[in-house]
Number of protein chains: 2
Amino acid sequence: MAQRDNPARRGRLSRPRVLAAAVALVDREGLAALTMRRLAADLGVEPMALYRYTASKEALLDGLVEAFFAEVNERLRTSAEQARADSGAAPVEPPWRAELRRIARAFACVVHAHPEILPVVATRPLAVPVARRPQPWLQLTEHMLSVLGRAGFDDPTVLTIYRTFAAWTLGCLLVDKRQVVDDSEEPDLMLRLGLHRLPAADYPRLRALVPRFSEYDDERELMAGLDSLLSRLPEAPLDAFYGGGAP
Amino acid sequence: MAQRDNPARRGRLSRPRVLAAAVALVDREGLAALTMRRLAADLGVEPMALYRYTASKEALLDGLVEAFFAEVNERLRTSAEQARADSGAAPVEPPWRAELRRIARAFACVVHAHPEILPVVATRPLAVPVARRPQPWLQLTEHMLSVLGRAGFDDPTVLTIYRTFAAWTLGCLLVDKRQVVDDSEEPDLMLRLGLHRLPAADYPRLRALVPRFSEYDDERELMAGLDSLLSRLPEAPLDAFYGGGAP
DNA sequence: CAATGGGGTTTACGACGTCTACTGCGTATG
DNA sequence: CATACGCAGTAGACGTCGTAAACCCCATTG
């Protein structure tokens, strides 16, 4: 019946279109709203039609991760020339460090654009083995490994840097996005944070510090932490060219 | 009918019992197996009986987090006297650093005991506001904040250290537990990792490095990273007593 | 013009979370 | 000693979910 309503029913769907709709739905109404039926409705299609483009709902979640990293890669590409323009001004740090910083920033940026996807990005790799990760993830990882390799690090060190980077970036964003506000309608700060629920005798420091959570500068701390983590490492042979590391 | 079979049907359940059964079920068969019906069956009870002890399935997930941190706290308590015994031997580092290290170790330990719960612990705080977090989480956080406060740090610094610690610890464990093996039945290493799926031309470094993932020493890197993150911070006034920080 | 097959539909099934109504035991009360 | 109460668990039903199987229709191709 629906096929009569819409004469151009052929080729309405495609994997990119499905993934884009999924991301949009999750952005708009949260992860819990992502349902095969709901997503199909958004696309003006019967639920089973989606199964031509995704093997299962689990695979659809992996599709979210795919879309996420595709966007990270995209952002990296578009910010590449700008980075090249800046490179003449401050060549004090080795390019591999600048590149890691750039990637961390792009990652953070995409997380802020799609905060609801973060839990999926954080936890899906726990279930899907490396070789089955979505292509954009593989590309980004390959890129990082090759940048570090070209900087002259040996294999174990490359691995350490990569994992350190991934852990810190992911952990930071996860902690940044933790819910602190309780009742967002409430005008009074203490009540908005729900602190009246915390017995003052048991949690004095918590009550004192939670209101200051908003003062925290996420991106600054992300970068600062990255710096201290990387400064522990043995210098790459080629770093000497650039003044021997961060200022 | 079931009440005739079991004469002592009263008081079979309790919140701790329900949570323990949930943890056991998740440990045994994974998160996806955690179903109200299945959990009820494990407890020899009708599904709706669970709702006396948990408001919803979402609340049950928060219950998993509660059980998780209760176990962390428990492990901290039992390892306390051992730490006190060691303290005479190597008093070179300030107690707040030793305490953070101890907490990280306990956390990692519980994650290894219940790896399937990690995704819940990592992502639930994204949905539940601070003041509504389970009591064991509140206790642990209060403990950390108070230890840091007693060390002489001012409030913003306490917050920075706390968040840095949380981000790094969580990120590390998340990255450590990522699935790398594809087909665990396969004897050949390359095939077991599923690397034949990766086009050699596109992902040379990935193919070269993935086999070395197993060489990584998780706990060592966790502690090492923690050290470099904390060494960036301004020293606490009281650190002078202990030789001015880490060796 | 008949055969092919890809893209989307229809229908159906079982499992899930949870609402409402209930039932029977243990206890406290008169 | 009888009775009313309320807590803990049961019974059954409802709506929604993911998805398997069979189908149908249209565009292409020989």
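Predicted model only: the values in this text are computed from it and were never measured. A, B, ... follow the sequence lines: proteins, then strands. Residue 1 opens every chain.
Ion pair A/Arg124/A/Glu58 flagged as a salt bridge, since at least one NZ, NE, NH1 or NH2 atom sits closer than 4.0 Å to an Asp/Glu carboxylate oxygen.
Taking atom CG of residue B/Leu50 and atom C1' of nucleotide C/dC16, one finds them 14 Å apart after rounding to whole Å. Across the protein-nucleic acid pair, B/Glu46 atom CD and C/dC16 atom P stand 14 Å apart, rounded to whole Å. Remark: C1' of D/dC7 and CG of B/Leu13 are 13 Å apart, rounded to the nearest angstrom.
Taken residue by residue, residues 52-68 of chain B places heavy atoms nearer than 4.0 Å to DNA chain D at B/Arg52, B/Tyr53. Listed in residue order, the members of residues 121-128 of chain B having a heavy atom less than 4.0 Å from DNA chain C come to none. Contact check of residues 19-31 of chain B against DNA chain D (heavy atom, cut-off under 4.0 Å) returns no residues at all. Contact check of residues 34-44 of chain B against DNA chain C (heavy atom, cut-off under 4.0 Å) returns B/Thr35, B/Met36, B/Arg37.
With sequence neighbours excluded, no residue satisfies side chain to side chain donor-acceptor pair (under 3.5 Å) with A/Gln135. Applying the side chain to side chain donor-acceptor pair (under 3.5 Å) rule to A/Arg207 yields no partners; only residues at least two apart in sequence or on another chain are considered. Applying the side chain to side chain donor-acceptor pair (under 3.5 Å) criterion to B/Glu142, with sequence neighbours excluded, gives no partner residue. Residues passing the ring pair (Phe, Tyr, Trp, His ring centres under 6.0 Å) test with A/Phe68 are A/Phe107, sequence neighbours excluded. The salt bridge (Lys or Arg N to Asp or Glu O under 4.0 Å) search around A/Glu215 returns A/Arg212, not counting sequence neighbours. Applying the side chain to side chain donor-acceptor pair (under 3.5 Å) rule to B/Ser14 yields no partners; only residues at least two apart in sequence or on another chain are considered.
Residue pairs satisfying the side-chain hydrogen bond (donor to acceptor under 3.5 Å, both in side chains) criterion with at least one member in residues 67-77 of chain B, sequence neighbours excluded, are listed as follows: B/Glu71-B/His114, B/Glu74-B/Arg77. A side-chain hydrogen bond (donor to acceptor under 3.5 Å, both in side chains) check over residues 188-201 of chain B, counting only residues at least two apart or in different chains, returns the pairs B/Asp182-B/Arg197.
Aromatic ring orientation, B/Phe213 versus A/Tyr162: tilted (interplanar angle from 30° to 60°).
The nucleotide whose nearest atom lies closest to any side-chain atom of A/Tyr51 is, among C/dT9, D/dG9, D/dG18, D/dG18. For A/Arg12, the listed nucleotide lying nearest its side chain is C/dG8; candidates were D/dG12, D/dA20, C/dG8.
Of all heavy-atom pairs between A/Pro211 and A/Leu206, the closest is CD-O, 4.4 Å.
With hydrogens and angles ignored, the 3.5 Å screen pairs a side-chain donor or acceptor of B/Lys57 with a backbone N or O of B/Leu34. Checked by atom type and distance alone, the side chain of B/Arg15 pairs as donor or acceptor with a backbone atom of B/Tyr53 at under 3.5 Å.
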